[in-house]
Structures are given as structure tokens and as C-alpha cells.
Amino acid sequence: MRIGYGWDSHEFKKGVPLRIGGVELKHTHGLAGHSDGDVLLHALTDALLGAIAAGDIGSHFPPSDPQWKGADSSIFVLEALTKVRQAGWEVCNVDSTLILDAPKIGPVANRIRQSIAELLEISPEDVGVKAKTPEGMGTEKAAIAHVVVLLEKHEDHKRLEVAAAMLEADNHVDEVVKQLVKDVRLEKAPAKK
Ligand SMILES: [Zn+2]
């Protein structure tokens, strides 16, 4: 099993659409910055990449690259998910905490869970979305997201590993047999006079 952790923050900006977890929410402000500013999907991307020690969102999708300006952040999640699968892992579950002053996440949490579950091709029951207000933290002008993911070995990879282990054991048996044959031959060899 592998664990991955991601964190991100974006500043609220007036007149920009607000996207959190791939869901567009009604609010006076959206999130400025890299791509569509989806703070939750960025933290999720980092958590996925982190779990397989494959760098971070900035190294794969540099904010300085104009092609990511205003981009749909689900692209980053799907790319990270592909890397996870190529490395032989699959997502077990995800948990997240958002820290933001507004809007209220409670009423839309299930929509966000559904959206993330669809992206990762897992059940919404395996996606936790929690939210807190930034009391005493002075971060009211920003949205912050923390995400952890748990990965387990892909079934095919598990089978491949078992097969490889058996092959190795087989090879080892060959070596033991060869050695035995050698020993027997030595024993049977006529003693030199
Ligand atoms: Zn971000």
C-alpha cells in the first residue's frame, strides 16, 4: 500500500467562476491562479503524484506554461491517475479537508464527492469531503485544501508479482538441482590413484 498527501491554496478573486472538486459553485468570488483555480483537484493531483513519488503538479504542469491558463483541472487529476496506474497501483480511498470562509460546503459536499469519485473511477463512499472555516488563521481571502489518498496494488500487478516470485523460485530449484548433480558426479567420479 502507498499513501499520498497533497496541499494547495488559492486566493479568492471577484468575478471568477468558483470550481471546487470539479463542481462549479455559486459564489461572488472564484479562485485565481493556476488553471481554473480548483484548489481541491490540485491538492488531489499532488496526493496522487506524491503516493508514487512522481513529483508534483508544478513539475508536470508548470503554471508558467500558457497552455494551462484557465485549463480544466480534471486534466491534471486524470494524468496523475494514469501515472498511478502505470506504476501498478489503484486508488483505494481519498479523504480531504477544505478550509474556507465561504461558501458553505456542507450542502454541496455530496456533489463534490460524486465528481471526484467519477474522475478516479471509485465509489463516492470512498471519497471524504470535509470543510472548516479558517477561524483565527487569518486566511479568509483564500481557500485551502488538504488531501490524502491510499493506493493498493493493482490486481494484475499482484498476479504478475506472484508469477515472478514463482519463476524465481523455479530458477532457484534449477540451481539446487544442478549443484546436487555436480555433487553426485564428484562423488561418483573414480578416485584418482
Ligand atoms: Zn493550485
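Reckoned from all heavy atoms, side chains included, excluding hydrogens, waters and symmetry mates. Order of listing sets the numbers, starting from 1, for every ligand and every atom in it. These figures come from a predicted structure and were not determined experimentally.
Here 3 is the count of protein N, O or S atoms positioned under 2.8 Å from the Zn ion (ligand 1), waters not counted.
Heavy atoms from other residues, nucleotides or ligands lying under 6.0 Å from CD of Glu152 number more than 12.
Between Glu161 and Lys153, at least one side-chain N (NZ, or NE/NH1/NH2) sits under 4.0 Å from a carboxylate O, which counts as a salt bridge. A salt bridge is defined here as a Lys NZ or Arg NE, NH1 or NH2 lying under 4.0 Å from an Asp or Glu carboxylate O, and Lys130 with Asp95 meets this definition.
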- prompt: When you look at His146 and Ser96, which way does the side chain to side chain donor-acceptor pair (under 3.5 Å) test go after all the steps?
  reply: CA-CA 5 Å; His146 295 264; Ser96 66; over 6 Å; no
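Shown here for Val91 and Ile122, the closest heavy-atom pair between the two residues is O-CG2, 3.7 Å. Here the shortest heavy-atom pairing between Ser123 and Ala117 reads C-CB, 3.8 Å.
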